[in-house]
Structure formats: structure tokens, C-alpha cells
Protein chains: 2
Amino acid sequence: MEGRETLDKARERIIETIAQNIHLYGLTASAGRQYGTMFFHDEPMTLDDMTEELGMSKTSMSTSVRALAELKLVERAWVRGVRKDLYQVKDDWYQSFINLFSIKWRRSISLQSVAVKKSLRELEQLKNNPDISEELKEIVEMDINKLQYARDYFDWLDRLIDAFEDHDIFDLVPLKEGNGE
Amino acid sequence: MEGRETLDKARERIIETIAQNIHLYGLTASAGRQYGTMFFHDEPMTLDDMTEELGMSKTSMSTSVRALAELKLVERAWVRGVRKDLYQVKDDWYQSFINLFSIKWRRSISLQSVAVKKSLRELEQLKNNPDISEELKEIVEMDINKLQYARDYFDWLDRLIDAFEDHDIFDLVPLKEGNGE
DNA sequence: TTGTTTGTACAGTAAAAACTGTACAAAGTT
DNA sequence: AACTTTGTACAGTTTTTACTGTACAAACAA
């Protein structure tokens with residue numbers, strides 16, 4: 001087999017594997033293919049480059065590169081003399097993993113915490129209402145327990161993400177040597 | 001407002017919030033609603049109970065409870081005298097979080113590691129091929145570096161999940177008091 | 001055995017998501 | 001100013017996913 005062919009096959013395998021697994025980041029296989037392509041492309045790429053490389057519409061390239069950028073998997077680059085928007089992958093994968101939590105999980109936890117706290121307040125008040133039956137009160141108390149558990153859990157998740165963001169996680173799970181942490 | 005009504009609204013808010021956020025576990029909103037319903041339902045539920053409660057087909061309940069069980073968010077329960085399959089939520093949410101990584105992430109990491117190692121082997125061999133041009137060799141060496149980085153990253157992720165599974169993570173990010181760890 | 005209950009495979013349908021092409025606004029160029 | 005280039009909003013289409021209903025196999029009951 002020709003050398004360049006071997007190289008391309010080796011790359012293609014990685015790109016396709018990324019495409020098949022990036023759903024863990026809530027992204028589509030196409031976005032994954034785009035990411036993988038940029039990963040091996042050593043210069044920053046324009047939307048037209050991606051259209052060319054992936055054979056998809058420029059509109060698609062625009063929307064999915066946006067999704068990648070929102071998760072900070074790629075970033076814009078500036079090269080003098082180039083007017084088109086340029087994108088390149090952010091090459092710190094550890095940070096990208098952390099960003100998934102900082103961005104997607106943090107938002108989700110916040111929404112869920114708000115809901116839990118609101119329901120908790122309502123149920124605490126209901127519990128103290130003297131008009132409710134003993135039977136209902138017992139159910140309310142059980143639900144309060146469940147929601148307190150949920151509140152603690154989301155608080156823990158928040159602290160976990162703090163530990164990611166502060167890089168304390170690397171004390172517990174160290175990088176290999178020579179990884180520059 | 002009637003007491004029972006307050007309770008139901010408080011529950012409904014939580015169930016809907018779970019439904020809107022369970023995509024982080026790769027599950028559909030319907031599966032989230034099913035999970036939330038079971039969370040507040042103190043007895044284990046049958047597929048027919050769920051059909052009743054959620055107004056969806058039994059087939060749907062069957063497939064989505066399967067997805068929930070695969071992620072170990074719910075488990076089967078046995079109650080003497082009941083012939084139907086019974087399901088209940090697993091009430092350790094910390095463990096459920098860990099299970100997400102043990103199950104979904106671990107599988108994904110394994111697939112990606114295999115691909116990376118395979119491509120790495122091919123490129124190492126290509127690099128040592130004396131017939132390739134100097135130009136190509138340089139590209140190959142850069143790709144090898146990238147794949148070594150990827151290999152190290154997946155190795156780190158694997159060790160991170162080990163730390164989750166071994167509960168070492170709770171040394172770094174402790175539970176609140178009274179959470180039974 | 002025959003009859004009943006229960007879960008799910010499978011085919012078909014409905015709904016949602018991904019993708020494309022056109023059209024246009026914003027910014028740059030001459 | 002007029003013209004060009006670039007990114008994206010939006011409408012329409014294609015593809016995928018979620019969901020339903022039927023049919024049936026497995027397990028149990030009589």
C-alpha cells in the first residue's frame with residue numbers, strides 16, 4: 001500500500017471512531033467527523049475547507065462548528081490576511097473533558113437544583129399546614145426526604161465540577177509524565 | 001389549593017425537570033418521565049402501571065425501562081404473589097452517576113483506545129519504512145504524537161473511572177454528613 | 001391438554017432531528 | 001458609491017428516531 005494511503009486510513013479510523021462516540025458530548029456524528037478532520041488538519045480551517053473535505057453543505061458546517069465551539073472543543077483562530085472565519089481544535093483534551101461538565105452539566109444541575117428547592121419549599125409549607133390529613137402528611141414527609149437527598153446530590157455534583165475546574169482532580173488521578181500539568 | 005394538588009404539582013415539576021435533563025445520560029425525555037414517576041412511586045411498578053400513569057403504549061414502556069435498566073438507573077424487584085415484572089429506581093444517585101461512566105464511557109473509551117492503538121501501530125511501521133519521502137515522514141511523526149497524546153488521555157479517563165468506581169472520588173469530593181458513605 | 005397472562009419483536013406511523021439550498025445582512029473591497 | 005465575499009436565518013426536504021398496534025412466544029393456570 002502507498003504510504004499516503006496508509007496514513008489516510010489510519011486517520012480515517014480515528015475520525016470515524018470519534019464520530020461514533022461524540023454523542024457522549026451531546027453532539028452528532030457529523031460534528032464528530034468535523035472535529036476529527038480538524039484534529040488532523042494542522043492549519044486552522046475555514047467553513048469552505050470543511051465543506052470541501054466533508055462534502056457537506058456550508059450551512060451544516062456552520063451550525064455544527066458552532067456546536068463544537070459552544071462546548072469549547074474548537075476555537076476561532078486568526079491568521080493575518082485571511083478574511084474567512086478560521087477554526088481549530090483546542091488541543092487540551094483534559095480541559096475539553098472538564099468543559100463538558102462546566103458547560104453542559106453545570107447548566108443542567110442548576111436547572112434541577114432550582115426545581116428541587118422550589119418543590120422543597122412548597123412541601124415544607126404544606127407539611128406545616130395544620131389542615132392536611134395525617135396520611136397526606138406522611139407522604140409529604142417522604143417526598144421532602146427524597147428532595148433533600150436530591151439537593152445534596154446536586155450539591156455534590158457541583159463540588160465535583162469545582163474539583164474538575166480547579167484541577168484538583170489531577171491530584172487524585174494524575175496525568176502521565178510529560179503531559180505538562 | 002388542595003393539599004394533594006400541591007404535592008402533585010411539586011412532584012410534576014421534578015419529574016419534568018428530570019425529563020428535560022436526562023439526555024446527559026443519553027436517554028429520551030420519556031424515559032426520564034418514567035424514571036421520575038418511579039422515583040415518587042413508593043412501590044415497585046409494573047409495565048401496566050407505567051402505561052396507566054404515563055398514558056403511553058406498553059411497548060414504549062418496555063423499551064425505555066430496558067434502557068433505564070441497562071444504565072442501572074432502575075432495577076427489577078420481586079414481590080411475592082406478583083407475576084408481572086416489577087421495576088423500581090435504584091436510590092443511590094451517586095452510584096448511578098458512577099454507573100454512567102462505568103457503562104457508557106468505559107465502552108466508548110475502550111473502542112477509541114483500540115482504534116488509536118491500531119492506527120499508532122500502523123504509523124510507527126510506516127515511519128520506519130525507508131521508502132517514504134522525508135515530507136511524508138514528518139507528517140507521520142506529527143500524527144504519531146497526536147495519537148500518543150490521545151492514548152494517554154484515554155488512559156487517564158480510564159483511571160478516572162477507576163477512581164469513581166473505587167469511591168476514591170469521595171475522598172476528594174466528600175459527601176455531606178449523614179449520607180451513609 | 002387448553003386457556004390466560006405477560007413481555008417484546010416487528011412492521012408501520014408519527015414526530016423530531018439533521019441536512020440542504022436560497023436568500024440576505026454584515027463586512028470588506030474597489 | 002457599487003460590487004464582492006462570507007456567515008447564517010429560514011423554509012423545505014430527507015433521514016432518523018420515537019412511538020404505536022398487532023402478533024406471538026414464553027410462562028403460568030386450570
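Below, chain A is the first sequence line, B the second, and so on; all start at residue 1. Since this is a predicted model, take the numbers as computed values, not measurements.
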Note to self: C:dC19, OP1 or OP2 - any side-chain N/O from A:S30 closer than 4.0 Å?
What the structure shows: yes
Next item on the list: Take the protein atom NZ of B:K84 and the nucleotide atom P of C:dG7, then report the distance between them rounded to whole Å.
Entry: 7 Å
Note to self: With nearest nucleotide decided by heavy atoms, which residue, A:R83 or A:R33, maps closer to the 5′ end of DNA chain C?
What the structure shows: A:R33
Check: Do A:L54 and A:T37 come close enough that some side-chain heavy atom pair is under 4.5 Å?
Finding: yes
Check: According to a strict under-4.0 Å criterion, is B:S57 in side-chain N/O contact with OP1 or OP2 of D:dG21?
Finding: no
Notebook entry, point to check: How close or far is atom C1' of C:dG7 from atom CE of B:M45, stated in whole angstroms?
Noted result: 17 Å
Checklist line | Rounded distance (Å) that lies between atom P of C:dT5 and atom CG of B:D49 | finding: 16 Å
Notebook entry, point to check: Just how far, in rounded Å, is C1' of D:dT6 from CG of A:D48?
Noted result: 8 Å
Check: In whole angstrom, what separates A:M61's CE from D:dT6's P?
Finding: 17 Å
Next item on the list: Determine, step by step, whether A:Q34 and A:S64 satisfy the side chain to side chain donor-acceptor pair (under 3.5 Å) criterion, reporting the C-alpha distance in whole Å, the side-chain angles of both residues, the deciding distance to 0.1 Å, and the verdict.
Entry: CA-CA 8 Å; A:Q34 205 171 356; A:S64 47; 2.5 Å; yes
Margin query: Can you see if the side chain of A:T59 gets near the phosphate of C:dG21 - specifically, an N or O under 4.0 Å from OP1 or OP2?
Written below: no
Notebook entry, point to check: How many Å lie between CG on B:L47 and P on D:dA27, as a whole number?
Noted result: 17 Å
Notebook entry, point to check: Can you tell me how far C1' of C:dT6 sits from CZ of B:R76, to the nearest Å?
Noted result: 11 Å
Next item on the list: Identify which nucleotide among D:dC28, C:dC19, C:dG7 has an atom closest to any side-chain atom of A:S60, counting heavy atoms from C-beta outward.
Entry: C:dC19
Check: Does D:dT8 have OP1 or OP2 sitting under 4.0 Å from an N or O in the side chain of A:R66?
Finding: yes
Item checked: Shared hydrophobic cluster for A:L73 and A:L86 (ILVMFWY, side-chain gaps under 4.5 Å) -> no
Margin query: Rounded to whole Å, how long is the line connecting atom CG of B:D85 with atom P of D:dA25?
Written below: 19 Å
Notebook entry, point to check: Just checking, B:K104 and B:Y25: is the charged tip under 6.0 Å from the six-membered ring centre and within 45° of the axis?
Noted result: no
Item checked: B:Q95 and its side-chain hydrogen bond (donor to acceptor under 3.5 Å, both in side chains) partner, picked from B:H167, B:K90, B:K72 -> B:H167
Margin query: Within the 4.0 Å heavy-atom criterion, would you say A:T28 contacts the bases, only the backbone, or no part of the nucleic acid?
Written below: sugar-phosphate
Next item on the list: Go through C:dT8, C:dT20, D:dT6 for me and flag the one nearest to the A:K58 side chain.
Entry: D:dT6
